[in-house]
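Data first, discussion second: the structure below is written as structure tokens.
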Amino acid sequence: MSRPVKQIHLAAHFPGVNNTTVWSDPRSGSHIDFASFAHFARTAERAKFDFLFLAEGLRLREQRGRIHDLDVVGRPDTFTVLAALAAVTERLGLAGTINSTFNEPFEVARQFASLDHLSDGRAAWNVVTSWDAFTGENFRRGGFLPEDQRYERAEQFLRTTWELFDSWRADDIIADKESGVFLADPAAGSFEHKDAHFDIRGRFTVPRSPQGRPVIFQAGDSDAGREFAASSADAIFSRHSEFDAGRAFHADVKRRLGRYGRAPEDLLVLPAASFVLGDTDADAQERAAQVRRQQVSGATAILLLEQVWNRDLQEHDPEGPLPEVDPLPGEHTIARGRASVRMYEDRLATARRWRELAERQRLTTRELIIEVTGRQTFVGSPGAVAEAINRFVQADAADGFILVPHITPSGLDEFADTVVPLLQERGVFRAEYEGATLRDHLGLRTGVDAVRQF
Ligand SMILES: Cc1cc2nc3c(=O)[nH]c(=O)nc-3n(C[C@H](O)[C@H](O)[C@H](O)COP(=O)(O)O)c2cc1C
């Protein structure tokens with residue numbers, strides 16, 4: 001028996017704070033003005049996307065002690081933006097990245113329950129665990145969490161919020177005007193929770209929201225992160241957007257689900273994906289090369305190089321070969337607040353690899369950086385991109401994608417107008433929203449409560 005055709009899930013990542021976003025392009029607008037968020041959200045909803053996604057950075061990135069202003073700098077608060085977007089959209093899911101290290105469960109639960117009410121059941125929470133002391137300095141207790149406790153706290157944090165969400169039942173408010181009775185159960189909202197990280201009790205302030213609990217995303221890639229996703233998340237925002245790596249990751253996390261009594265369809269894998277479209281494949285390739293040059297100017301190439309070399313290379317010529325000096329081992333001091341530097345933990349080995357590649361392909365420093373930091377998942381005509389996306393999903397390299405355009409806020413328009421209709425024609429992407437909630441769009445079983453009892 002052949003397998004049924006999978007439906008593709010698509011989401012839109014508001015262009016973020018890294019060099020993927022080309023703020024210097026003449027078409028780029030503000031990443032702060034509400035008009036930009038509204039334009040982006042309306043395009044995603046017009047295209048019947050599952051949800052809009054906001055990343056979060058709790059401290060401005062720095063390099064050599066200065067704000068890293070070659071990238072877009074700064075972003076407004078997630079809940080405030082998503083609440084405003086709830087008012088200008090009707091069906092689009094609204095996903096916010098909120099950290100479990102530097103927040104408290106009561107506050108976060110109150111905010112997500114409120115967002116779920118305001119949006120009529122469209123809220124999702126991407127639980128991230130960034131723990132570093134640099135980010136922590138912005139908060140009352142500083143960098144207080146050892147790295148090996150980040151998922152332990154996240155796990156307890158999430159379970160605590162679930163207790164808070166579940167402290168209200170859907171029928172607790174009767175507001176019977178005749179009898180003057182407001183609450184069906186005077187104990188509604190009562191909670192008491194104690195574990196190694198939290199010791200709280202009281203009454204939860206927000207009555208049960210349409211989804212009960214927000215949809216849960218997870219985004220870390222470590223073994224502990226994958227295990228957390230398998231036990232607790234509805235979807236993973238992954239970085240494995242290449243075909244083979246995507247299939248391996250998909251199989252790995254789905255395999256982990258059984259341990260928690262969960263089925264493969266209970267967890268979606270949605271890699272981040274960038275795209276460049278053109279009238280023809282050749283045209284798209286040319287545009288893609290141009291975008292890469294915009295993303296990695298000479299100055300950006302030097303800054304990215306410094307993150308691996310861990311030393312000041314301001315005098316180095318980006319149009320010349322790689323530096324002859326080796327990277328400095330030891331504590332990373334050059335770049336702070338940037339998660340990706342962890343990818344280069346073995347700096348000497350990375351430098352060796354890059355030197356070999358630069359020599360083999362005769363690349364300048366800038367060309368090398370363009371080559372090794374390049375991440376353009378789908379490049380081609382609309383037909384070729386639709387074909388590729390569908391191939392990835394049907395082959396279980398992903399269950400869909402979170403698209404990351406490089407222009408704010410119009411970077412999604414062309415995709416919505418040209419690729420989405422082709423996916424709809426193939427019958428692999430919805431032509432209309434069917435359900436009301438984000439959980440409906442994602443095809444997740446309603447009542448996580450039924451799946452996961454605590
Ligand atoms: C695709 C992807 C996107 C992420 N986005 C964010 C983000 O917006 N904000 C943040 O603080 N951490 C973000 N992270 C970091 C992780 O979610 C994570 O919480 C932390 O790095 C520890 O995870 P790990 O050790 O399991 O990789 C992201 C990670 C991945 C893989």
Side-chain angles (χ1 to χ4, degrees), residues 11-21 31 51-61 71-79 81-82 94-103 108 124-139 143 145-158 216-233 235-242 245-246 248-250 252-253 256 267-274 332 335-345 373 375 377 398-404:
H13 183 301
F14 189 79
V17 183
N18 52 49
N19 70 307
T20 306
T21 306
H31 66 293
F51 59 93
L52 175 147
F53 185 94
L54 293 185
E56 181 186 65
L58 289 174
R59 181 152 182 186
L60 300 183
R61 291 170 181 181
D71 291 352
V72 165
V73 174
R75 52 182 135 200
D77 168 68
T78 299
F79 283 111
V81 172
L82 293 181
L94 301 167
T97 298
I98 294 291
N99 184 289
S100 59
T101 301
F102 302 113
N103 289 296
V108 169
W125 172 16
N126 178 31
V127 185
V128 293
T129 61
S130 306
W131 70 93
D132 62 288
F134 175 70
T135 302
E137 285 172 6
N138 265 349
F139 295 85
L145 195 69
E147 180 179 354
D148 62 1
Q149 285 180 28
R150 69 197 186 287
Y151 280 108
E152 185 187 304
R153 179 174 161 111
E155 184 103 18
Q156 295 305 335
F157 193 115
L158 183 60
I216 300 299
F217 286 79
Q218 183 275 350
D221 200 34
S222 61
D223 191 65
R226 294 178 187 207
E227 214 51 41
F228 176 58
S231 72
S232 311
I236 302 182
F237 179 32
S238 107
R239 61 168 100 254
H240 301 289
S241 56
E242 278 155 17
F249 181 77
H250 191 278
D252 177 85
V253 292
R256 294 171 192 249
L267 178 69
L268 298 172
V269 177
L270 306 174
S274 58
H332 220 289
R336 312 186 77 187
R338 198 184 167 98
S340 61
V341 292
R342 290 175 72 217
M343 285 155 54
Y344 304 126
E345 260 159 355
T373 62
R375 281 258 203 124
T377 322
D399 297 314
F401 289 96
I402 298 184
L403 298 175
V404 190

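Just so it is clear, the values below take in all heavy atoms, side chains as well, and ignore hydrogens, waters and symmetry mates. For ligands, and for the atoms within them, numbers begin at 1 and follow the listed sequence. Remember, predicted model here, so these are calculated numbers, not experimental data.
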TODO: With heavy atoms of Ala55 as the reference, note each atom of ligand 1 found under 4.0 Å away.
DONE: 8 (O)
Task: 4.5 Å side-chain heavy-atom contact, Thr97 and Phe217 - done: no
Open item on the list: Classify the ring geometry of His13 against Phe237: parallel below 30°, tilted from 30° to 60°, perpendicular beyond 60°.
Closed with: tilted
TODO: Decide whether an N or O pair under 3.5 Å exists between Ser238 and ligand 1.
DONE: no
Task: Location of contacts on Thr97 toward ligand 1, heavy atoms closer than 4.0 Å - done: side chain
Open item on the list: I'd like to know whether ligand 1 has Arg150 as a neighbour, heavy-atom separation below 4.0 Å.
Closed with: yes
Open item on the list: Between ligand 1 and Tyr151, is the shortest N or O to N or O distance under 3.5 Å?
Closed with: yes
Task: Positive for ring-ring contact (aromatic ring centres under 6.0 Å, His included) with Phe157, one of Trp125, Tyr151, Phe228 - done: Trp125
Open item on the list: Taking the side chain as everything from C-beta on, heavy atoms only, tell me whether Thr135 gets closer than 4.5 Å to Ser130.
Closed with: no
- [ ] Evaluate whether atom CD of Glu227 has more than 12 neighbouring non-hydrogen atoms of other residues, nucleotides or ligands under 6.0 angstrom away.
- [x] yes
- [ ] Give yes or no for whether the N/O distance cutoff of 3.5 Å, strictly under, is met between Ser130 and ligand 1.
- [x] yes
Task: Closest to atom 3 (C) of ligand 1 among Phe53, Phe237, Phe102, Phe217 (heavy-atom distance) - done: Phe237
Open item on the list: Is any side-chain heavy atom of Leu267 closer than 4.5 Å to one of Gln218?
Closed with: no
- [ ] Answer whether the closest heavy-atom distance between the side chains of His31 and Pro15 falls below 4.5 Å.
- [x] no
TODO: Using a strict 4.0 Å cut-off to heavy atoms of Gly220, name the atoms of ligand 1 that fall inside it.
DONE: 16 (C), 17 (O), 23 (O), 24 (P), 26 (O), 27 (O)
Task: Close N or O approach (Ser222, ligand 1; < 3.5 Å) - done: yes
- [ ] State the atoms of ligand 1, each with its element, that fall below the 4.0 Å cut-off from a heavy-atom position in Asp221.
- [x] 24 (P), 26 (O), 27 (O)
TODO: For residues Asp221 and Phe249, determine if any side-chain heavy atom of one lies less than 4.5 Å from a side-chain heavy atom of the other.
DONE: yes
Task: Within-4.5 Å side-chain heavy-atom neighbours: Arg153 and Thr129 - done: no
Open item on the list: If you take the nearest heavy atom of each of Asn126, Val127, Thr129, Thr135, which one is closest to atom 20 (C) of ligand 1?
Closed with: Thr129
TODO: With heavy atoms of Glu56 as the reference, note each atom of ligand 1 found under 4.0 Å away.
DONE: 7 (C), 8 (O), 9 (N), 10 (C), 11 (O)
Open item on the list: Using heavy-atom distances only, which candidate in Gly225, Pro271, Ala219 approaches atom 2 (C) of ligand 1 most closely?
Closed with: Ala219
